[in-house]
Amino acid sequence: MVRANGAVSLRELARVVQTSEVTVRRDVRALEAEGLLDRRHGGAVLPGGFSREPGYPQKTHLAAAEKSAIADLAAGLVEEGDAVVIGAGTTTQELARRLARVPGLTVVTNSLLVAQALAHANRVEVVMTGGTLRGSNYALVGSGAEQSLHGLRVSKAFISGSGLTAERGLSTTNMLSASVDRALVQSAAEVIVLADHTKLGADTMFQTVPTDAITRLVTDEHTAGHDPTARELDALADCGVQVALAQQGLTAEPPGHPGSLERHAPQGPGAPRRTAPGPVPAGAPLPGQRRPGVHPAFRPLAAGRS
């Protein structure tokens, strides 16, 4: 599976071979010892993962449910009349599909996939950058793309990448993609990173957004169930990044809709309280979000931490 897809999550491996993630994790360690793959938090990649990038067909099947939940939650940050930039990626493509009904929205993007998702949205204006097409991810890159972003100012940038760590921030495997992503981020007042658990803790060649420039991270709740990724989330929060955990089953409607950002939370004793529906004000925490230094209710503080 790793050879075919370039990367795979432990959850997907466990589902396919019908065993526990504990067993899969043990086997992945053994394969890593033989030099057949490299472990990443929540998954595994082919050796040389610092520079290797899976193609678009492979990416669409990797952590698909998690990407959908992340896109649902992130869509609630976009308000009527907003102007935003959206970078390339399968998670940002999912986000774009959910923004098609936001009236008065302007989206600037270098992604053909994002533009295609919004092509028939009558109330959304789509502005494409120039540049040279990079076929592996259907993105426009190069000096033409970067120059078209000069002088641009928008409220929010939604961006993804190949890896995210507290030490280095967001990174990607391609130099041209990294350069355009940096130009996208520089145009925005607020930078929102969309990254599923397979990206957390991974470090790739080219830095796109340093940690101190990231306003929010929207990731999936799977990250909080594993010590390495949970520690990475803690470190990001300590750096000032507002972290929101997306639950599968969260639905998002255009801001102002009665069903906007409704969380379908577990019921019963000890279950998290439901978050009241409604739009998310600028700068306000998302449902499931931890502020810097604050841990979610479902995971106790590590021993020795105050």
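The chain is numbered in sequence order, starting from 1. Note that the coordinates shown come from a computational prediction; the quantities given were computed from them, not determined experimentally.
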Legend entry - L236 side, atom CG; Q242 side, atom CD - distance, nearest 0.5 Å: 12.5 Å
Legend entry - Inter-residue atom distance F158.CZ - L95.CG, 0.5 Å rounding: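 Here the interatomic distance stands at 5.5 Å.
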Treating [X] as the side-chain partner and [Y] as the backbone partner, does any N or O pair qualify as donor plus acceptor under 3.5 Å?
X: R216; Y: V191; result: no
X: D220; Y: D196; result: no
X: T109; Y: I86; result: yes

Inset, instruction - Test R134 against S177 for side chain to side chain donor-acceptor pair (under 3.5 Å), laying out the working first. - result: CA-CA 9 Å; R134 184 169 180 253; S177 294; 3.2 Å; yes
Could you tell me which non-hydrogen atom of [X] sits nearest to which non-hydrogen atom of [Y], and how far apart they are?
X: A88; Y: S111; value: CA-CB, 3.8 Å
X: A69; Y: A246; value: O-CB, 3.4 Å
X: S148; Y: T129; value: OG-CB, 3.2 Å
X: T198; Y: S9; value: CG2-CB, 3.6 Å
X: T219; Y: A195; value: OG1-O, 2.7 Å
X: V180; Y: A145; value: CG2-CB, 4.0 Å

Inset, instruction - Determine whether V22 and V24 fall in the same hydrophobic cluster, where Ile, Leu, Val, Met, Phe, Trp and Tyr are linked whenever their side-chain heavy atoms lie under 4.5 Å apart. - result: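 No: no chain of side-chain contacts under 4.5 Å links V22 to V24.
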Would [X] and [Y] count as having a side-chain donor-acceptor pair, cut-off 3.5 Å?
X: S179; Y: E146; result: yes
X: S68; Y: R98; result: yes
X: K199; Y: S162; result: no

Are side-chain heavy atoms of [X] and [Y] found at a separation under 4.5 Å?
X: V124; Y: L99; answer: no
X: T106; Y: V84; answer: no
X: T211; Y: R168; answer: no
X: L245; Y: L233; answer: yes
X: E125; Y: V107; answer: no

Inset, instruction - State whether R11 and E66 are salt-bridged, where the test is any N-O pair (Lys NZ or Arg NE/NH1/NH2 against Asp/Glu carboxylate O) under 4.0 Å. - result: yes
Legend entry - Residues R15, E12: salt bridge by 4.0 Å N-O rule: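 Looking at E12 together with R15, the answer is yes, because their closest N to O distance falls below 4.0 Å.
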